[in-house]
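Reckoned from all heavy atoms, side chains included, excluding hydrogens, waters and symmetry mates.
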Amino acid sequence: MKNFIQPGEALDLTAPYDVTSGGGFLVGSIFAVATIAALNGADVVGRTTGVFDLAKATGAVTQGAKLYWDNTNKVLTTTASGNTLVGTAVRAAASGDATARVRLGIVA
């Protein structure tokens, strides 16, 4: 097929702020997890699919819950308002847990 570019599982993006390897970041409506650390404005490869442990806001997360990216605080949250839907929790997390396990991508 002449118009196929790539699978899209990893994209070359411009870091919208300083990101750490394994840290989430949002470029417009594209959410990705950085494969390497990058400074604001630098090129970075971001994974757009897969399962990752990412920093989360305070509050319990139930397995199967929709998870959103709070781009102000750079954490996952279950709060939809003002945040970007990025995936689904694949296991529960307690309120005090620092991370949540999220499957990026399609959400029912």
Side-chain angles (χ1 to χ4, degrees):
M1 166 174 27
K2 292 181 182 181
N3 59 342
F4 180 78
I5 306 298
Q6 66 177 22
E9 296 158 349
L11 299 175
D12 295 327
L13 300 166
T14 301
Y17 37 77
D18 292 355
V19 294
T20 59
S21 176
F25 65 100
L26 190 64
V27 177
S29 59
I30 300 171
F31 181 78
V33 176
T35 59
I36 60 169
L39 298 176
N40 182 11
D43 292 335
V44 62
V45 175
R47 297 282 310 186
T48 59
T49 62
V51 178
F52 298 89
D53 286 335
L54 296 175
K56 76 167 192 65
T58 301
V61 173
T62 58
Q63 188 176 43
K66 291 179 181 178
L67 292 174
Y68 302 82
W69 185 249
D70 174 346
N71 204 43
T72 300
N73 297 302
K74 313 296 186 266
V75 293
L76 294 171
T77 180
T78 56
T79 302
S81 181
N83 298 310
T84 302
L85 180 62
V86 297
T88 309
V90 297
R91 72 175 185 190
S95 180
D97 289 348
T99 62
R101 186 159 292 170
V102 59
R103 178 183 181 269
L104 301 182
I106 299 171
V107 178

Next on the checklist: Please report the interatomic distance OG1(Thr84) to OH(Tyr68), rounded to the nearest 0.5 Å.
Outcome noted: 10.5 Å
Item to check | Close side-chain approach of Leu76 and Val86, heavy atoms under 4.5 Å | outcome: yes
Next on the checklist: Applying a strict under-4.5 Å side-chain criterion to I, L, V, M, F, W and Y, I'd like to know whether Leu104 and Val27 cluster together.
Outcome noted: yes
Next on the checklist: Does Lys74 have more than 12 heavy atoms from other residues, nucleotides or ligands lying within 6.0 Å of its NZ?
Outcome noted: yes
Donor-acceptor pairs are to be reported for all side-chain atoms of residues 14-25 against protein atoms at under 3.5 Å, with residues two or more places apart or in another chain.
{"residue": "Tyr17", "atom": "OH", "partner": "Leu26", "partner atom": "N", "Å": "3.2"}
{"residue": "Tyr17", "atom": "OH", "partner": "Asn71", "partner atom": "OD1", "Å": "2.9"}
{"residue": "Asp18", "atom": "OD1", "partner": "Asn40", "partner atom": "N", "Å": "2.7"}
{"residue": "Ser21", "atom": "OG", "partner": "Thr35", "partner atom": "O", "Å": "3.3"}

Item to check | Pair listing, salt bridge (Lys or Arg N to Asp or Glu O under 4.0 Å) test, anchored in residues 24-49, at least two apart | outcome: none
Checklist entry - Do the side chains of Leu85 and Val102 join up, straight or via other hydrophobic residues, at under 4.5 Å, putting them in one cluster? => result no
With a 3.5 Å cut-off and sequence neighbours excluded, list the donor-acceptor pairs that the side chains of residues 48-58 form with protein atoms.
{"residue": "Thr48", "atom": "OG1", "partner": "Gly8", "partner atom": "O", "Å": "2.5"}
{"residue": "Thr48", "atom": "OG1", "partner": "Glu9", "partner atom": "O", "Å": "3.4"}
{"residue": "Asp53", "atom": "OD1", "partner": "Arg101", "partner atom": "NE", "Å": "2.8"}
{"residue": "Asp53", "atom": "OD1", "partner": "Arg101", "partner atom": "NH2", "Å": "3.4"}
{"residue": "Asp53", "atom": "OD2", "partner": "Arg101", "partner atom": "NH2", "Å": "2.8"}
{"residue": "Lys56", "atom": "NZ", "partner": "Gly59", "partner atom": "O", "Å": "2.7"}
{"residue": "Lys56", "atom": "NZ", "partner": "Ala94", "partner atom": "O", "Å": "3.2"}
{"residue": "Lys56", "atom": "NZ", "partner": "Ser95", "partner atom": "O", "Å": "3.1"}
{"residue": "Lys56", "atom": "NZ", "partner": "Asp97", "partner atom": "O", "Å": "3.3"}

Checklist entry - Can Ile36 and Val45 be said to form a side chain to side chain contact (heavy atoms under 4.5 Å, CB included), step by step? => result CA-CA 7 Å; Ile36 60 169; Val45 175; over 6 Å; no
Item to check | Atom pair CG/OG1 of Leu67 and Thr77 - distance to nearest 0.5 Å | outcome: 8.0 Å
Checklist outcome for this item: Taking every heavy atom of Asn73 against every heavy atom of Asp70, the minimum-distance pair comes out as ND2-OD2, 2.8 Å
